[in-house]
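Data block below; observations after.
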Amino acid sequence: MPRYWLLKSEPAMFAFDDLWKAPKRTTYWDGVRNYQARNFMRDDMQVGDLAFFYHSSVDPAGIAGIVKIVKAGYPDWTAFEKGHEHYDEKSDPKNPTWVMVDVQAVEPLPEFVTLETLRGVKGLDGLELLRKGSRLSVQPVSAAHFAIIAKAGKAKTTG
DNA sequence: GCCAACGTTGGC
DNA sequence: GCCAACGTTGGC
């Protein structure tokens, strides 16, 4: 059974649309520099897992699309590149501190699901994103929550 | 090991 | 731009 996740990105840096236009609609998810988020990627994320692509620090914030994990955790090499935005001198290439995964865009949500919308959706009690003070950039999402949110992102139909 | 200071995240 | 919340650092 696949697990489900939510990945945050600032669209000014990298938006779902950028991933959609990328070769094979695939990229490496670098720059996670939080241990809890790192542990999720390193220990629990597996090929075939699905994740929401969440746009943070933008108005409105919300979920733009769905991605699939296509490569499980491996060393985040951007931590080794001096001058790189995500360089971390304390990460030893022989014993890397940080981890990245590869993700592939699956589909955009027909309707962008804003954070405000999510707060009004029933059945999302316990969703990490909605927890006060939550700022984890990699979060687990239950299968039930994933289904509810995906449904909320489907285009409204008449009749 | 405690905890104050500091830096970052991210919604508003 | 503000600031609450939270993670990390470093003195002790």
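Sequence lines set the chain letters: A, B, ... in the order given, protein chains first and strands last, and positions in each chain run from 1.
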Do the ring centers of A:W5 and A:F40 come within less than 6.0 Å of each other? yes
Please confirm whether the ring centroid of A:Y4 lies under 6.0 Å from the ring centroid of A:F52. no
Decide if the gap between the ring center of A:W98 and the ring center of A:F80 is smaller than 6.0 angstrom. no
Within this structure, what is the CG-to-C1' distance between A:L130 and B:dG11, rounded to whole angstrom? 12 Å
Taking the side chain of A:S137 as its heavy atoms from C-beta onward, which of C:dA5, B:dG10, B:dC12 lies nearest to it? B:dG10
Please give, in whole Å, the distance from B:dT9 P to A:L6 CG? 16 Å
When the distance from CG of A:N34 to C1' of C:dT9 is rounded to whole Å, what number comes out? 15 Å
Report the distance from atom OH of A:Y35 to atom C1' of B:dT8, rounded to the nearest whole Å. 15 Å
Would A:E116 and A:R119 satisfy salt bridge (Lys or Arg N to Asp or Glu O under 4.0 Å), going step by step from the backbone distance to the final call? CA-CA 5 Å; A:E116 188 186 6; A:R119 292 193 200 284; over 6 Å; no
Mind calculating the distance between CD (A:E10) and C1' (B:dT9) to the nearest angstrom? 8 Å
Selection from B:dG11, C:dT8, C:dG7 that lies nearest to any side-chain heavy atom of A:Q36: C:dG7
Expressed as a whole number of angstroms, how long is the span from A:M13:CE to B:dT8:C1'? 15 Å
Any side-chain N or O of A:K8 below 4.0 angstrom from OP1/OP2 of B:dT9? no
Given atom CD of A:E128 and atom P of C:dC6, what is their separation to the nearest angstrom? 10 Å
Could you check A:D76 against A:R38 for salt bridge (Lys or Arg N to Asp or Glu O under 4.0 Å), going step by step and ending with a plain yes or no? CA-CA 10 Å; A:D76 182 344; A:R38 186 278 313 267; over 6 Å; no
Under 4.0 Å from OP1 or OP2 of C:dG7: is there any side-chain N or O of A:R38 that close? no
Residue A:K90, side-chain atoms from C-beta onward, closest of C:dT9, B:dG10, C:dG7: C:dT9
Under 4.0 angstrom, heavy atoms only, what part of the nucleic acid is A:R33 near: base, sugar-phosphate, or nothing? nothing
From the set B:dT8, C:dA4, B:dG11, return the single nucleotide nearest to any side-chain atom of A:R135. B:dT8
Of the nucleotides C:dG7, C:dC6, B:dC12, which one has an atom closest to the side chain of A:R131? C:dC6
Please check the phosphate of B:dG11 (OP1 and OP2 only) for any side-chain N or O of A:Y54 closer than 4.0 Å. yes
Rounded distance (Å) that lies between atom C1' of C:dA4 and atom NZ of A:K132: 7 Å
